[in-house]
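In what follows, a structure is listed as structure tokens, so that the remarks can point back to it.
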Amino acid sequence: MVHSFEAKVGIDKFPIIIGHGIFNELISFIKTYNKENIFIICDSYFKKSKGFHNQELSFFNEYNHVFINGGVESKTLPNFEKIIKILSQNNIARDGLLISIGGGVIGDLCAFTASCYQRGIDFIHIPTTTTAMIDSSIGGKTGLNFLEQVNLIGSYYNPKAIFMDLRFLDSLEKRDYYSGICEAIKMSITSDSNMFNRYLEVNNLVHRKDKTILEEIIYWSSITKLKHVTSDFKEKSTRLILNYGHTFGQAIETHYGLYQEKLKHGEAVALGITVAAKLSDLLFNTTNSKNIWEKTNEILLKYNLPNKFKKLGTKDIPETSQLIKNIINDKKRISNGNRYIICESIGKADIHLIKNDEYIIKAFNCLYE
Ligand SMILES: NC(=O)c1ccc[n+]([C@@H]2O[C@H](COP(=O)([O-])OP(=O)(O)OC[C@H]3O[C@@H](n4cnc5c(N)ncnc54)[C@H](O)[C@@H]3O)[C@@H](O)[C@H]2O)c1
């Protein structure tokens, strides 16, 4: 089955197509562009046609393209400059089209470049990881890491279309696969208790990469993320709910730097939502809040995601005081400093002002057990 629907993000509208083997849809979409005016940036994982099916391979070889490595080390200014040079050398004009094939890294890098090249050219996402399908390709955020800071440089820029071909997920490595699934679990905790219960039930199907369940999860995630970003493109209100657990996850990510081997982004989110669940329980102290804490731990275990530092398999574990410092530094950069996303019950999240760091310290302690 193919899901095809129109997304509305900010002032832009564009199609999202989800299915298995959707290259015919892609080819008919790009027909309106002059072939010489199209350029593809592709994750190097596919260099030796690993992970590509025959149809994709023949499509790919017809167009100008370059390979860039996935992994956060690639979201850099030198790679941005490299792509700009290549686009210019290939005479890609203002009415040209840039296509990214890859995970969140290639997607963020290409979307940012597309937003800048000739003051903005058309752009299509072809996400190839769970993170990119469930989260990063939707919402228009682009970014480069700079000065050891995640997404210090970036813009808001929507694609002209997103083509999510689930066949790409066949080759995805286990840790990358579950990291992306974590974003879907996180969204269900804040906005849909039925879907959360469904995730608790279908873990075995997800482990097997069952096509039907993956299509359901990716469709649900796209629709849910769109609901949050449609009315709040520049992240002033409802979109902030999507950051549940992120403040804590980011403080942990800052400790490990940009080295994904120790901690993937989705794993940081898993630790972050564990702390957020503990904080929710400390603040509300009700049957519902206890349930959040217990069920968050249960679901992370079911999906091979960490809920304690010892699960990371490294002796390099940050001190709580360091994590609090990282949060304070992070919060200094925004005007509404001490606001956190907290859940009252599963499916119901809100923004709360917490002035007392004691709660945050206690909540972080749950990761050291
Ligand atoms: N823009 C946003 O709103 C947003 C949201 C969430 C995350 N992000 C960003 O996304 C990035 C993480 O994305 P990611 O987890 O996809 O990382 P990634 O793009 O680095 O991909 C992870 C790994 O999988 C490989 N890979 C890609 N597709 C594959 C496939 N089909 N089969 C096998 N291997 C494949 C890549 O080469 C890489 O080694 C981070 O930089 C994060 O900041 C952005």
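A quick note: this is a predicted structure, and the numbers were derived from the prediction, not measured. As the structure lists them, so they are numbered: ligands from 1, and atoms in each ligand from 1.
An N or O contact shorter than 3.5 Å is missing between Glu173 and ligand 1 by distance. Polar contact check, His265 against ligand 1: no nitrogen or oxygen pair lies under 3.5 Å apart. Some N or O of Asp108 is nearer than 3.5 Å to an N or O of ligand 1, by distance alone. Between Ala132 and ligand 1, a contact under 3.5 Å exists for no N or O pair. The N/O atoms of Thr128, backbone and side chain alike, include one that comes under 3.5 Å of an N/O atom in ligand 1. The shortest N or O to N or O distance between Lys75 and ligand 1 is under 3.5 Å. Close N/O approach between Gly102 and ligand 1 is not found [any backbone or side-chain N/O within under 3.5 Å]. Considering backbone and side-chain N/O of Ile106, none are found under 3.5 Å from N/O of ligand 1. Where the criterion is an N or O separation shorter than 3.5 Å, residue side chain and backbone included, Phe168 meets it with respect to ligand 1.
Here is the list of ligand 1 atoms found below 4.0 Å of a heavy atom in Gly70: 20 (O), 37 (O). The contact set between ligand 1 and Asp43, taken as ligand atoms under 4.0 Å from a residue heavy atom, comprises 27 (C), 36 (C), 37 (O). Contact atoms of ligand 1 toward Ser171: 30 (C), 31 (N), 32 (N), 33 (C) (distance under 4.0 Å to a heavy atom of the residue).
Follow the hydrophobic side-chain contacts under 4.5 Å out from Leu200 and you never reach Leu301; the two are in separate clusters.
Between Asp135 and Lys141 no salt bridge is recorded (no basic side-chain N to carboxylate O distance below 4.0 Å).
Contact annotation: for Phe46 versus ligand 1, heavy atoms closer than 4.0 Å belong to the side chain alone. Of all the heavy atoms of Lys264, none lies under 4.0 Å from any atom of ligand 1, so neither backbone nor side chain is involved.
Taking the six-membered ring where tryptophan is involved, the planes of Tyr303 and His207 are tilted, since the angle between them lies from 30° to 60°.
For the residues Val150, Val269, Thr129, the heavy atom positioned nearest atom 27 (C) of ligand 1 is part of Thr129. Comparing heavy-atom distances from atom 6 (C) of ligand 1 across Asp135, Asp165, Val229, Asn69 singles out Asp135 as nearest.
Between the OG atom of Ser155 and the CG atom of Asp108 there is a distance of 9.5 Å, given to the nearest 0.5 Å.
Taking the six-membered ring for Trp and the full ring otherwise, the centers of Phe364 and Phe248 sit less than 6.0 Å from each other. Proximity of the aromatic rings of His255 and Phe309 is defined here by a centroid distance below 6.0 angstrom, and this criterion is not met. Separation of the Phe80 and Phe112 ring centroids falls under the 6.0 Å cut-off.
Between the side chains of Gln322 and Asn326, at least one donor N or O lies within less than 3.5 Å of an accepting N or O.
Under a cutoff of 6.0 Å and an axis angle of 45°, Lys295 and Phe196 do not form a cation-pi pair.
Ligand 1 has at least one atom lying under 4.0 Å from a heavy atom of Gly71.
Atom CD of Glu319 has 12 or fewer neighbouring heavy atoms from other residues, nucleotides or ligands inside a 6.0 Å radius.
A side chain to side chain donor-acceptor pair (under 3.5 Å) with Asn37 is found for exactly one of Asn90, Asp95, Asp122, Asn64, namely Asp95.
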